[in-house]
Chemist: 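For reference, the structure I am asking about is given below.
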Amino acid sequence: MDYKYIEQLLDRYWECHTSEEEEQILRSFFAQKDVPAHLAQYASLFTFMKEAQEERVSDDFDDRFADILAEESLRHDVVRTQARTIPFRQRIAPFLQAAAAVAVLLTIGGAAERAIGGSQQEEGTAAPVVANTYIRSDRVAEVVTPVESKNEATAIVQPDSMTRTQMGVDAQVKEN
Amino acid sequence: MKEISFRNDVLPLKDKLFRLALRITLNREDAEDMVQETLIRVWKECQDGKEIDNVEAFSLTVCRNLSIDYHAKLEQRNVAFDEDIHDQPDTTRSPFETMVDRERFQMLNALMNSLPEKQRTAMQLRDVEGRSYKEIAEVMQISESDVKVNIFRARKAMKEKLKR
């Protein structure tokens, strides 16, 4: 059998010119039993490399490591809750949120106040609002008073009883 | 980037890490300690959500650095590394070694372990683990040409000793 290829590979192996695949070929070649005498001196090296791949951790390694990992896991959780650094932006976020909420409330409040104020004024001049509810008559008297005075309209109010009054409408009807 | 599963991607590396640690510490018990420490380190990195491009190379690098540090500590305590090997009784041998030609394995193992750390680590990763020069360079944090030089010297030394 011609061993030229193997000899060439071996020469290149010592010079570090072999690829991973070629080195695998050498290991496989030297793993067989009938290696020619002139190459036999190197056979032990390649079989040693192959055997060295079989080294394993001891059988109880996994169990021991599971315990260590469980302990470490507890420690890690504690460390994380104790020493987590919070960036400045994140720290002031709740205050910013609160400030934003207050600002929104103030804006809405301001707008609502203005809107209500405006409608009350409109009510005063044209009185188009229909208050179609049961109101205590003494309050109706209060509400209706400005309408009466400005539009010279009269609302008939019976002070002692509950009256269903169509405010404004009565006034407008009377106006017409 | 791909999410790393500690159980599926990291834990199965234990034997590879062990072989590397053993090549550096030259003691099975110490090598297992190094593997445990490496796995915990990588687990923490995963927990903290750190991005690891090549988890295998990263783990091997951590393992090697821990093993080298351990070696340095041993030396500080004035315990010679070689003495340490000779002091090791046969109880530290793996069951595997009892099956194979023990004498020959031990002889070559001692030969390889007598090389400087860089040479034996590079040789371990190339000739035992079958890694590329690029990967070895990444693990050892040196250039590819330096990896080749170390492997070249290691092979040459082994060849010389085998010839005798």
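Numbers restart at 1 for each chain; the letters A, B, ... are given by sequence-line order, proteins then strands. When reading the values below, keep in mind they use all heavy atoms of this one structure, side chains included, and skip hydrogens, waters and symmetry mates.
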Chemist: So what's closer than 4.5 Å to chain A heavy atoms on R131(B): side chain, backbone, both or neither?
Modeler: backbone
Chemist: Counting heavy-atom pairs under 4.5 Å with chain A, which one of M112(B), K14(B), K148(B) comes out on top?
Modeler: K14(B)
Chemist: Can any side-chain N or O of Q106(B) pair as donor or acceptor with the backbone N or O of E103(B) at less than 3.5 Å?
Modeler: no
Chemist: For chain A, which candidate among I151(B), V149(B), L162(B), I40(B) shows the most heavy-atom pairs at distances under 4.5 Å?
Modeler: I40(B)
Chemist: Of the backbone (N, CA, C, O) and the side chain (C-beta and beyond), which part of L22(B) lies under 4.5 Å from a heavy atom of chain A, both, or neither?
Modeler: side chain
Chemist: Backbone N or O of D146(B) within a donor-acceptor pair of the N150(B) side chain at under 3.5 Å?
Modeler: yes
Chemist: With a 4.5 angstrom heavy-atom cut-off, is it the side chain or the backbone of M123(B) that approaches chain A, or both, or neither?
Modeler: side chain
Chemist: Given T18(A), which of Q24(A), E23(A), R12(A), Q8(A) fulfils the side-chain hydrogen bond (donor to acceptor under 3.5 Å, both in side chains) condition?
Modeler: E23(A)
Chemist: Please check if the number of heavy atoms outside K161(B) that lie under 6.0 Å from its NZ is greater than 12.
Modeler: yes
Chemist: Taking side chain as everything from C-beta outward and backbone as N, CA, C, O, which of these in L111(B) sits under 4.5 Å from a heavy atom of chain A? Side chain, backbone, both or neither.
Modeler: neither
Chemist: Could you tell me which portion of Y13(A) (side chain, backbone, both or neither) has an atom closer than 4.5 angstrom to a non-hydrogen atom of chain B?
Modeler: both
Chemist: Does any backbone or side-chain atom of K16(B) lie under 4.5 Å from a heavy atom of chain A? Answer side chain, backbone, both or neither.
Modeler: neither
Chemist: Please determine which of R23(B), R19(B), R28(B) meets the side-chain hydrogen bond (donor to acceptor under 3.5 Å, both in side chains) test together with E55(A).
Modeler: R28(B)
Chemist: Is it the case that the side chain of R153(B) and the backbone of Q119(B) share a donor-acceptor pair, with hydrogens and angles ignored and the cut-off at 3.5 Å?
Modeler: no
Chemist: With distance as the sole test, does R27(A) use its side chain to make a donor-acceptor pair with the main-chain N or O of F46(A) at under 3.5 Å?
Modeler: no
Chemist: Which bit of S58(A) comes within less than 4.5 Å of chain B, counting heavy atoms only: side chain, backbone, both or neither?
Modeler: both
Chemist: Looking at K159(B), M158(B), K156(B), K44(B), which one has more heavy-atom pairs under 4.5 Å with chain A than the rest?
Modeler: K159(B)
